[in-house]
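A quick write-up on the structure given underneath.
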Amino acid sequence: MRPPDDVLADLLADWLPRQRWFAGKDRAIGEVSIGTATELHPGPAARAPDGPELHHVIAAVRQDGGWDHYQLLLGVRHEMPERLRFGEIGGFTVGPSDDGAGHAHGGAEHSVAAHVYDAVYDAELTRVLLEGMAAEAVVGPLRFRRAPGIEIETGLDSVPGSAEQSNSSLIFGDVYICKLFRRLSPGANPDLEVNLGLSRVGCAHVPRVCGWIDLDPSAASAVASGPAEPEPTAPAEPTTLAMMSQYLPSGTDGWDLAITSVRDWFAYAPTVCDPRAPTSADAGAAGGDFAAEAERLGAATATVHRDLAAAFGVTRMPAGYAREMAADMHRQLNEVCRSVPALAEHETAIREAFDELARLRTPPVFQRVHGDYHLGQVMRTDTGWIVLDFEGEPARTPGERRAVAHPLRDVAGMLRSFEYAARFLIADQSLPTDAALSLETRAHAWAERNRGAFCRGYADAGGLDPAEHAVLVRAFEFDKAVYEIRYEARNRPSWLPVPLRALAHLAG
Ligand SMILES: Nc1ncnc2c1ncn2[C@@H]1O[C@H](COP(=O)(O)OP(=O)(O)O)[C@@H](O)[C@H]1O
Ligand SMILES: O=P(O)(O)O[C@H]1O[C@H](CO)[C@@H](O[C@H]2O[C@H](CO)[C@@H](O)[C@H](O)[C@H]2O)[C@H](O)[C@H]1O
């Protein structure tokens, strides 16, 4: 039933940009080609003729002369069951004449069209992933892996995760969460590598890894720079396709908690603040104050940094290394200024912060860090804060994501996230009406309060004191804001005003 590669590639060119996880929405697609296509069969039973099919596909997408590789799980059915609403989940329909199988079988053509759709919505099909990991199956180039000492429960239905995310997660019966990495990079995914390393040193702030899926090195050309790339001569390490962890049903993600707190603060009777501007202390008076949680989160972050240093070691960088960090930041800024003209008005302030960083002389101590730390990456559970997603920033190269870095980079990421949360609810209001200005001052007060609490928690638990490294933290914050502007332009254009507005504040 699966359409032949050339037909599928054409259909994907139209479908891919409509997916949340597609990271090239700011550029036209030049070409799509199919790297690998592997049919996965549920259980040992052979698939019934005309029964639903599950295909694992790696598609190479050319944009602006470069290639990106996306992982797809495609369901194919002649008839969609009631529970799968094709109109809502999106997908495409291929007619009988597009059906490669029909032609391949000497003209015994199917007379019915087939629906092709994102199988993350189809619990009947995704079960095969659990079965594969439980059995450590090998299917074509896919290697299903089970973590040492873990028994995997099969037969659980999955639902797609509903969180705001760059990949796709499947939640199996409140027991496991399996993240399918969408844009693939060759080699081990740092999320898996770091989670396994942290578990080894007994870190209490990460969920247990239960299994994962690798692409065999022999299929590495499917994730190499272009589809016509020759096979690499030396076998590379496997490419991580998915990671399955223990699901934390009692957890609420930091972003949701923070937004609830901001909403309470915005709705709070304004009498305490009028006629003066609200202060960060006022921001604690509303119902859902977040500051105590922010402080605990700071402490958990310092502990995770200590554990990362224990698991992967530390590297003392040469004096003057700050110059190289600043040069990298200028480079990213040059790139983003070209694609997002609205950034230009803050360029001078940003460059000044980077130049100040370049003048620092103390040799920094680097280590593995989270790399893309924000409120959506942390969950408050009944046992404390849990840190997720050590993948690094999706727009960075694999080498950059696995490189050591300054731990205050993570602190700055979280500080930026407080700014994001503070302004998310007012992003679509254009200043300066009086009401909008008053909300902006409230947003500022909320951010200040929670930034302060987070930094206090981090320093008190043994992390570097952000207040004593203000030049560094300011440069990291600007660098993160520039990154975010590019991320929003490419992934969620409607969110672009959020980092732009916060940047206006940071640039002062
Ligand atoms: N172990 C877990 N238990 C419960 N929810 C989780 C777990 N891991 C992730 N999540 C939820 O899924 C969301 C996305 O996970 P994340 O790893 O950040 O994905 P992405 O890399 O796609 O952004 C998180 O914000 C959280 O809400
Ligand atoms: O979680 P990911 O690894 O996919 O990170 C990417 O997506 C994030 C959004 O999902 C993005 O984070 C930005 O938006 C968040 C709110 O949704 C906010 O809390 C963060 O501070 C902000 O950076 C992240 O930058 C991107 O890499």
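Since the model is a prediction, treat every value here as computed from it, not as a measurement. Every number for a ligand or one of its atoms is a count from 1 in the order of the listing. Heavy atoms only: backbone and side chains are in, while hydrogens, waters and symmetry mates are out. Position 1 is the first residue of the sequence; numbering continues from there.
Scanning all protein heavy atoms for the shortest distance to atom 23 (O) of ligand 2 gives Glu484 OE2, 2.7 Å. The protein atom (non-hydrogen) at minimum distance from atom 19 (O) of ligand 2 is Ser417 OG, 2.7 Å. Among protein heavy atoms, atom 8 (C) of ligand 2 sits closest to His374 NE2, 3.6 Å. The shortest contact between atom 4 (O) of ligand 2 and any protein heavy atom is with Ser166 OG, 2.3 Å.
Listed by chain and number, Ala163, Gln165, Ser166, Asn167, Ile177, Lys179, Pro207, Gln246, Tyr247, Leu248, Asp253, Gly376, Gln377, Met379, Leu388, Asp389, Glu391 each place a non-hydrogen atom less than 4.0 angstrom from ligand 1.
Of all atoms in ligand 2, listed by their number and element, those nearer than 4.0 Å to a heavy atom of Gln377 are 1 (O), 2 (P), 3 (O). Within the listing of ligand 2, atoms 25 (O), 26 (C), 27 (O) sit less than 4.0 angstrom from a heavy atom of Tyr483. Each of the following atoms of ligand 2 lies closer than 4.0 Å to a heavy atom of Trp495: 16 (C), 17 (O).
Looking at Glu293 and Arg296, a side-chain N of the basic residue comes within less than 4.0 Å of a carboxylate O on the acidic one, giving a salt bridge. Between Lys480 and Asp372, at least one side-chain N (NZ, or NE/NH1/NH2) sits under 4.0 Å from a carboxylate O, which counts as a salt bridge. A salt bridge links Arg409 with Asp479; the closest basic N to acidic carboxylate O contact falls under 4.0 Å. Look at Asp389 and Lys179 and you find a salt bridge, because one of the NZ, NE, NH1 or NH2 atoms lies within 4.0 Å of a carboxylate O, short of that distance. The existence of a salt bridge linking Glu477 and Arg474 is excluded, since no basic side-chain nitrogen approaches an acidic carboxylate oxygen closer than 4.0 Å.
Scanning Arg20, Arg396, Glu393 for the heavy atom closest to atom 10 (O) of ligand 2 points to Arg20. Considering only non-hydrogen atoms, atom 5 (O) of ligand 2 lies nearest to Asp372 out of Leu375, Ile259, Asp372.
Not one N or O of Tyr420 is nearer than 3.5 Å to an N or O of ligand 2, by distance alone. At a 3.5 angstrom cut-off on N or O pairs, Tyr487 counts as close to ligand 2.
Sorted by first and then second residue, the ring-ring contact (aromatic ring centres under 6.0 Å, His included) pairs with a member in residues 237-256 read Trp255-Phe424; sequence neighbours excluded. Among residues at least two apart or in separate chains, salt bridge (charged side-chain N to carboxylate O under 4.0 Å, His left out) pairs with a member in residues 340-354 are Glu347-Arg351.
When the options Gln19, Arg20, Arg182 are evaluated for a side chain to side chain donor-acceptor pair (under 3.5 Å) with Ser168, the one that passes is Arg182.
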Chi angles and distances behind the side-chain hydrogen bond (donor to acceptor under 3.5 Å, both in side chains) call for Asp122, Tyr117: CA-CA 9 Å; Asp122 194 337; Tyr117 55 94; 2.6 Å; yes
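Between the side chains of Ser166 and Tyr487, at least one donor N or O sits under 3.5 Å from an acceptor N or O. No side-chain donor-acceptor contact under 3.5 Å links His205 and Asp307.
Residue contacts with ligand 2, taken as heavy atom pairs separated by less than 4.0 Å, involve Asp389 solely via side-chain atoms from C-beta onward.
Between the side chain of Arg402 and the backbone N or O of Pro190 there is no donor-acceptor pair closer than 3.5 Å.
Residue contact annotation: Arg492 has a non-hydrogen atom under 4.0 Å from ligand 2. Heavy atoms of Glu391 stay at 4.0 angstrom or farther from ligand 2.
For Val175, the side chain to side chain contact (heavy atoms under 4.5 Å, CB included) partners are Glu153, Leu156, not counting sequence neighbours.
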